[in-house]
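The block underneath contains the structure these notes are about, expressed in structure tokens.
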Amino acid sequence: MARYNPKEVEPKWQKRWEEAQTFKTVADRSKPKYYVLEMFPYPSGRIHLGHVRNYSMGDVIARFKRARGFNVLHPMGWDAFGLPAENAAMQTGAHPATWTYANIDAMKREMKQIGLAIDWDRELATCDLQYYRQQQRLFLDFWKAGLVERRESYVNWDPVDMTVLANEQVIDGKGWRSGAPVERKKLSQWFLKITDRVEDLLAALDDGRLKGWPDNVRLMQRNWIGKSKGLQMKFRFAGVTVAADGSTEIEIYTTRPDTLFGASFVAIAPDHPLAQAYAKSDKAAQSFVAECQRTGTSQEAIDKAEKKGFRLPLEVEHPFIAGRALPVYIANFILMGYGTGAIFGCPAHDQRDLDFARKYALDVIPVILPPGEDAASFAIGDESYLGPGAVYNSDFLNGLSSDAAIDAAIRKIEEMGRGSASTQYRLRDWGVSRQRFWGCPIPAIHCEKCGVVPVPAKDLPVRLPEVDASVFMTPGNPLDRMPEWRNVPCPDCSAPARRETDTFDTFVDSSWYFARFATDPAAWENGPVDKADADYWLPVDQYIGGVEHAILHLLYARFFSRAMKETGHLSVEEPFANLFTQGMVTHATYKDAHGKWLLPEEVVIDSGKARRAHNDEPVIVGPIEKMSKSKKNVVSPQEIVAKYGADAIRWFILSDSPPERDVEWTDAGAAGAWKLVARIWDAVEPAKDAMKAHDLSSPPAGADAELRRATHQTIAAVTDDIEGFRFNKAIARIYEFLNALKKAESADSWSRAEALSALVRLIAPFTPHIAEECWETLGGTGLACNAPWPAADKALLVKEAVILPVQINGKRRAEISVAPSDDAKAIEAAALADIEVNRHLDGLTVRKVVVVPGRIVNIVAS
RNA sequence: GCGGGCGUGGCGGAAUUGGCAGACGCGCCAGACUCAAAAUCUGGUUCCGCAAGGAGUGUCGGUUCGACCCCGACCGCCCGCACCA
């Protein structure tokens with residue numbers, strides 16, 4: 001028997017698929033369409049096991065849907081702009097484009113070795129001129145439609161990368177890439193007005209439009225958007241005071257207008273214009289504001305930070321209590337980025353306000369009485385009261401519930417003309433400006449006379465200039481230092497003007513690539529997408545990627561779809577009908593005696609003990625963690641493919657854990673997958689040409705009923721499990737089937753041929769290469785990947801006899817065999833007649849018999 | 001702090017959603033083949049017990065003929081957000 005050799009077989013079939021253009025998408029609109037997409041990779045240079053897991057899942061779905069008769073679109077591309085290419089340019093002197101395209105070539109080669117059923121004709125990289133030119137066109141359309149805004153704003157400035165970060169890119173107050181503490185800086189920035197569409201983005205989370213999304217992702221988006229309803233109102237300065245900035249009032253935002261009568265101070269953010277105004281004229285104010293801005297925004301800093309305030313020489317009038325004045329503070333715990341950057345403090349019913357009030361000896365006036373408390377004796381200690389209750393100490397609000405008091409207070413403030421009901425969101429507009437070279441240039445020109453002018457469509461694309469890699473040695477944006485590129489005439493008045501030197505956030509690039517994939521790859525001249533093509537293919541039927549994109553990428557893409565719909569490019573506002581977020585690939589970590597990380601290949605595990613491979617020094621085994629270069633717990637897919645083949649790697653990465661959970665990579669597991677591939681070959685090889693020898697369209701008399709039932713039950717179960725994204729269970733069913741096939745060695749050759757023909761097609765989505773080799777050996781027609789999915793014969797899914805467990809007082813004591821047609825009475829009689837049952841019933845009286853046909857019998861006796 | 005999720009053998013995990021707990025795989029044990037090893041094959045493998053039997057799904061309690069599943073309290077772990085007014 002010839003040993004199966006993946007090193008020969010796998011490239012052979014990859015070549016055949018390519019020659020036959022098997023996975024090229026054809027415009028056959030008579031078939032139902034299915035668009036399966038995995039989040040496209042950043043071309044870092046090598047693929048890792050996380051990629052393998054992601055693309056294997058997509059590939060199973062793509063191949064399965066093809067076999068089920070769908071017209072499948074399964075493309076691949078590259079999220080190719082971004083900072084690492086510039087860093088590489090600094091280190092190696094290679095142009096970012098050179099580095100990026102070399103990486104793409106290498107990764108594409110590695111992906112092809114995995115045997116993915118991808119239509120490579122549709123490949124694109126976001127740094128391709130033809131892609132980013134269309135992105136510029138889209139941006140101009142958005143601009144025309146009022147979805148773009150340019151404004152001064154505070155930005156998160158990464159001092160190491162010398163660039164602006166979106167809020168989403170700031171993690172614990174540090175840049176997501178550099179890890180450097182983020183500074184605040186005021187800059188003119190480009191914004192996409194995502195907040196204008198926030199209500200629909202929010203509504204779609206709950207109205208069924210995203211029913212194919214995991215609950216946790218929808219929830220994360222809802223929290224991220226952070227909608228809250230409240231009151232926006234103005235507090236007038238007491239007396240006739242005019243503040244340092246010339247204002248006569250402070251506008252605050254609150255979600256608790258029911259506690260207005262408990263107000264004892266007003267506080268503003270250190271970044272608030274009023275605070276800034278006082279900082280200019282008052283040294284003490286200035287140093288307080290500076291101190292606040294120094295304080296980190298990390299978890300630890302926030303936990304430790306004491307509530308601190310700076311008393312301004314101002315007081316405001318209480319809106320409802322004549323003659324009552326409240327002090328005004330700059331306070332370190334007020335955020336400029338939320339609401340109006342100013343609040344009123346009600347210490348009795350807000351913990352932060354209470355901490356603040358205790359420190360500065362301000363009034364603590366309870367206005368919500370907890371149920372069961374007495375108005376005369378209730379007092380606030382060290383903890384504010386946040387629960388429900390009846391409003392008191394509050395004049396016209398007395399006796400109302402909190403909700404009713406909120407409405408009443410808002411109505412009153414509105415009558416007084418001091419403010420109105422207001423909805424606030426945590427979500428900010430999307431700042432898309434980046435001070436980087438390796439990104440899509442923002443197509444705008446700054447003219448002293450005409451202001452900011454869009455680049456006319458006829459002048460597109462705004463190309464990135466050819467540069468020498470030496471320009472990346474200086475921090476900051478090289479485009480700023482290139483007068484020959486920067487200086488252009490104004491498109492409106494022809495006066496000397498200069499180009500915008502910011503480029504787009506790379507999340508812009510990845511917000512519409514799925515729509516571009518839907519367009520005929522030859523038709524780049526007609527616009528960002530072909531609407532007819534997009535209408536046919538979109539939405540993406542199955543999108544697969546890491547949960548780390550649950551907020552950023554997925555929210556931006558949803559916004560982009562809406563914007564593209566409004567500008568006539570698309571018909572859908574939700575781009576991804578079904579989303580699946582897969583878990584990470586993890587591996588044990590290893591350190592040597594000096595605490596240095598070790599690669600798995602440097603370690604040998606012997607009967608539970610780990611030691612170094614080359615010198616037997618002891619190795620400390622650390623926790624199982626996400627594979628990362630820094631901890632060296634990485635295994636390269638290339639090694640595994642070389643050792644066991646692509647089928648084995650695909651099989652193992654899907655077999656061990658449910659797809660949404662993390663999977664631990666172990667060499668033993670990979671070896672086990674290899675064993676399976678060999679087992680399949682051993683089962684198939686002796687049955688050479690079995691499919692030619694038998695007419696499988698109808699079973700002959702005397703076909704092995706037991707084996708046939710196993711075959712058809714497996715078909716039904718595997719089909720169901722793949723549909724439900726339970727790849728681990730589908731694989732378990734295939735193992736069981738293989739075990740059954742082994743036991744049925746004496747079955748007739750027709751039934752075996754039927755079983756093998758089904759088996760090969762069931763494994764084809766997981767292990768496509770060996771499936772082809774087996775298909776050919778069995779004498780199947782054409783390619784296995786083009787063979788129709790096997791159909792389960794329903795008649796064979798019904799069991800012949802049913803084995804029912806019999807419990808006595810809830811403990812399993814026996815089992816009885818009954819016919820599927822037996823009714824409850826017959827089953828009860830059979831149970832009570834059973835010898836084992838009677839042995840256990842000896843000396844007991846039967847009180848009750850519960851029969852659940854097809855499931856169980858429970859006899860209650862005492 | 002707020003929101004969400006999870007807890008099952010030595011390990012990854014299954015259990016048709018209230019009906020035989022531990023499918024399937026890994027590992028381990030025994031046997032076959034072999035001079036031997038590897039590979040492969042066969043059998044076994046939740047725990048206690050020679051057995052009959054008993055215990056058992058983080059802990060404690062409840063509902064039910066019957067609970068991994070539902071309810072209550074607690075313990076532990078993971079994820080998201082976080083001085084958001």
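In what follows, chains carry the letters A, B, and so on, assigned in the order in which the sequence lines appear, proteins first and then strands, with residues in each chain numbered from 1. Just so you know, these numbers come straight off a predicted model, no measurement behind them.
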Is [Y] paired with [X] through a side-chain N to carboxylate O contact shorter than 4.0 Å?
| X | Y | answer |
| --- | --- | --- |
| A:R839 | A:E836 | yes |
| A:K825 | A:E828 | no |
| A:R813 | A:D834 | no |
| A:R218 | A:D215 | yes |

Which whole-number value in Å describes the distance from [X] [atom1] to [N] [atom2]?
| X | N | atom1 | atom2 | result |
| --- | --- | --- | --- | --- |
| A:E664 | B:G10 | CD | P | 17 Å |
| A:I808 | B:G53 | CD1 | P | 11 Å |
| A:E736 | B:A15 | CD | P | 12 Å |
| A:K729 | B:G25 | NZ | P | 16 Å |
| A:Q424 | B:C84 | CD | P | 14 Å |
| A:I856 | B:A67 | CD1 | P | 10 Å |
| A:L676 | B:A39 | CG | P | 17 Å |
| A:D215 | B:G80 | CG | P | 18 Å |

Categorize [X] for me: base, sugar-phosphate, or nothing, with a 4.0 angstrom heavy-atom threshold over every strand shown.
| X | value |
| --- | --- |
| A:L219 | sugar-phosphate |
| A:N809 | nothing |
| A:R661 | sugar-phosphate |
| A:N216 | nothing |
| A:R733 | nothing |
| A:T254 | sugar-phosphate |
| A:Y735 | sugar-phosphate |
| A:H349 | nothing |
| A:K308 | nothing |
| A:K742 | sugar-phosphate |

I want to verify a distance call: between [options], whose nearest atom is closest to the [X] side chain?
| X | options | result |
| --- | --- | --- |
| A:P658 | B:C65, B:G25, B:G13 | B:G13 |
| A:S657 | B:C83, B:C84, B:G12 | B:G12 |
| A:A668 | B:G3, B:C26, B:A14 | B:C26 |
| A:N332 | B:A85, B:C83, B:G27 | B:C83 |
| A:R813 | B:G54, B:A85, B:G53 | B:G54 |
| A:A732 | B:U40, B:G12, B:C24 | B:C24 |
| A:R855 | B:G13, B:A85, B:U16 | B:U16 |
| A:V860 | B:C20, B:C65, B:C81 | B:C65 |
| A:K675 | B:C81, B:G12, B:C26 | B:C26 |

Write down the atom of A:R222, the atom of A:L205, and the distance for their closest heavy-atom approach.
N-CD1, 3.7 Å
Between A:I803 and A:S655, which residue's closest nucleotide on RNA chain B lies nearer the 5′ terminus?
A:S655
Would you measure the distance from the [atom1] atom in [N] across to the matching atom in [M] and give it in whole Å?
| N | M | atom1 | value |
| --- | --- | --- | --- |
| B:G27 | B:G13 | C1' | 14 Å |
| B:C79 | B:G61 | P | 32 Å |
| B:G7 | B:C71 | P | 14 Å |
| B:A21 | B:U57 | P | 12 Å |
| B:C11 | B:G4 | P | 31 Å |
| B:G22 | B:G9 | P | 14 Å |
| B:A73 | B:G49 | P | 39 Å |
| B:G18 | B:C83 | P | 41 Å |

Examine A:K307 relative to A:F333 and say whether NZ or CZ is less than 6.0 Å from the centre of the six-membered ring and inside a 45° cone about the ring axis.
yes
Checking A:S384 side chain against A:H349 main chain: does a donor-acceptor pair fall under 3.5 Å?
no
If the glycosidic angle sits within 90 degrees of zero it is syn, else anti. Tell me which applies to B:G9.
syn
Taking syn as a glycosidic torsion within 90° of 0 and anything else as anti, which one is B:U17?
syn
Looking only at side-chain N and O atoms, does A:Y735 offer a donor or acceptor that is under 3.5 Å from a partner on A:S655?
no
